[in-house]
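Please read the structure below before turning to the comments.
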Amino acid sequence: MTAASATRRGAAIAFAALALGAASVAAADRDAGRRKAEVCAACHGPAGNSVNPAVPSIAGQPAQFVATELFLFREGNRKDPQMSAIAAGLSNGDLNDLAEYFAAERPAPPKHRTAPENAAAAPALAHKFNCVQCHGPELMGQQHIPRLAGQQPDYLLAQLKGFKAGTRADIDGNMTSAAQALSDQDIQVLVDYLAGLSSGN
Amino acid sequence: MRDLAVAAAAMAVFTVAQAQDKPAAAPPPSWHQGKPPALGESTLHPFAPNLAGRSAKDLPTDKLKVPPGFKVEVWAEGIPEARSLARGEKGTVFVSNRLSKNVYAVVDRGGTREVKTILKGLNSPNGIAFSRGTLFVAERDKITRYDGIEGRLDNPGQGKVVVEGLDPTQQPGHYWKYLAMGPDGKLYFNIGAPGNIVMPNYTQASIMRVDPGKGVLENVALGVRNSVGFDWNPRTKELWFTNHGRDWLGDDSPNDTLHRVTSKGVHFGYPFCHQGDTLDPDYGKNRSCSEFAPPALKLGAHIAPLGMKFYTGKMFPAEYRNNIFIAMHGSWNRSTKQGYNVTRVVVNDKGKVIRSVPFLTGFLQDERGDPPMWGRPVDVLVMRDGALLVSDDYNGVIYRVSYGK
């Protein structure tokens, strides 16, 4: 054995010991998420299906989206009197557990009924203003981007107004940018449309 | 003249938008800027990291591949959005954030690695460099020094500003910085182009340096769209850097590139000429690529080369000595994805590139998937024992590649 290979072997053995000492992170746990989510139901409804038009449904949202928004609340990018306070006490593990739980829940059918004229006009707007490019052709969301289909209308309205005003934080500036092109009328039509769309249930 | 014309056109548009009393069309997100009408339907988009990190237990790390004789393992996790890496002289590994606001320290305590959040609330602190006991942190607008950092990880204080005012225009794109300490004792950093394909102002699209004792800035390289990785060739002492080419010119154009800086102030082409031989369809009119420095190597279109290091360790076989390792963070702007690996570039004594070959692979799962990958290499770091660390911001994990028979 050469000196060099002896050194290498020494390093490999040392590493085997080190590997055992690597601080590990728990896997995302859906059942733990279910327990941690008990407090959420008061506003977000059973299993994250909101019955309050001003509060978003989070059942069946992409896991990365749920974790991202909780992260933005916790870090202070996104602000809300209740959510900021709740998120402040959450660890990264909590965020991932909650995300895993809500993503696996089934979204309830929307109660909202879209006016026929808005149902006719909105698909062209969703295309024109690039909604479908990121939120997907059925507006079901993906990765860090939320499902809009079947979302609560007052919540959608407040978010779009916030994006347009530059007061609603987003991770990459895309929604702030996209919302600038929307007139108040466009926003009304889109909200009425999105809130009544099937959420894939 | 062209700068003036573009500026005048931009002002005219601005004035018209104001006069019409309609909602002014916001500038598109910087990554979207320059997308031609023909690609209007394209759904290609950048990928966002899992900001809370993911457990290595939830990742298919068994898919990772290295050449025979090497092995790759998870070295540390729970470092959300792990970006740039820097090594302290007492063995601390510092890790930065880009979208998030923290700087972390990974400390080895007798075989147990502990992750500490040492700095919080910073403004895109992507750039970190360690030198002579001091950690330097480059945020979007300034560079701050934290002296004696390894002795005060739990109380690093406010730090002392080295230079500020680095982002006077609050630029929308490429505002994060890479930072490295040069062999001349000066701090090197990039100021990226403020969008995909736009006319930069005097300080943008550059690599600059600053003497930390004097705070005086100098241009090192111009026409650099965005460099998020550089290092010095240990044999020639030349600065080498990676550069991101523009988007929306198609799946195979232009290449992202590897460059060497043969003299201070060289212009590398942006926004006029890409990859040394391709004129920009707009900004390249009436220009020639011959006036700009060509790349040392074309790395692949949209492959997003980030951190790079010359391998100066002794653990890997001799033929790896003074090779370059590059972390490939992309691609997103092509319909069939490539990259998501660490690539090895072989360079000869004279500083000429001989060949390049993927070294650490397996992050790319489905080249047409969305997302196509489960992890994204950001930076590489040669450890004292010669092992190579690789950060992954998508998951907040650091991997260690070692060699031993």
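Residue numbers start from 1 in every chain, and the chains themselves are labelled A, B, ... in the order their sequence lines are given, proteins ahead of strands.
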Between [X] and chain B, with a heavy-atom cut-off of 4.5 Å, which part of the residue counts as in contact: side chain, backbone, both or neither?
{"X": "I171(A)", "answer": "both"}
{"X": "A26(A)", "answer": "backbone"}
{"X": "Q142(A)", "answer": "side chain"}
{"X": "E75(A)", "answer": "both"}

Check your understanding: Which heavy-atom pair separates D58(B) from A28(A) by the least distance, and what is that distance?
Key -> OD2-N, 2.7 Å
Exercise for review: Specify the closest pair of heavy atoms between S42(B) and Q133(A), including all atoms of both residues, with the distance to one decimal.
Suggested key: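 In this case the closest contact between S42(B) and Q133(A) is O-OE1, 3.3 Å.
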Polar side-chain atom of [X] near backbone of [Y] as donor-acceptor pair, under 3.5 Å:
{"X": "Q143(A)", "Y": "P49(B)", "value": "no"}
{"X": "E77(B)", "Y": "V25(A)", "value": "yes"}
{"X": "Q64(A)", "Y": "L51(B)", "value": "no"}

Exercise for review: Would you mind telling me which of N77(A), I145(A), L72(A) has the largest number of heavy-atom pairs within less than 4.5 Å of chain B?
Suggested key: N77(A)
Spacing of [atom1] belonging to [X] relative to [atom2] belonging to [Y], to within rounding of 0.5 Å:
{"X": "E41(B)", "Y": "H127(A)", "atom1": "CD", "atom2": "NE2", "value": "3.5 Å"}
{"X": "N174(A)", "Y": "H45(B)", "atom1": "CG", "atom2": "NE2", "value": "10.5 Å"}
{"X": "Q33(B)", "Y": "S177(A)", "atom1": "CD", "atom2": "OG", "value": "11.0 Å"}
{"X": "N50(B)", "Y": "N92(A)", "atom1": "CG", "atom2": "CG", "value": "11.0 Å"}

With a 6.0 Å cut-off (strictly less than), is the heavy-atom count around [atom1] of [X], excluding the residue itself, greater than 12?
{"X": "K57(B)", "atom1": "NZ", "answer": "yes"}
{"X": "K116(B)", "atom1": "NZ", "answer": "yes"}
{"X": "K161(A)", "atom1": "NZ", "answer": "no"}

Exercise for review: Would you mind telling me which of P371(B), S100(B), P46(B) has the largest number of heavy-atom pairs within less than 4.5 Å of chain A?
Suggested key: P371(B)
Exercise for review: Name the region of K101(B), side chain, backbone, both or neither, that has any atom closer than 4.5 Å to a heavy atom of chain A.
Suggested key: side chain
Check your understanding: For W31(B) and D172(A), does a side-chain donor sit closer than 3.5 Å to a side-chain acceptor?
Key -> no
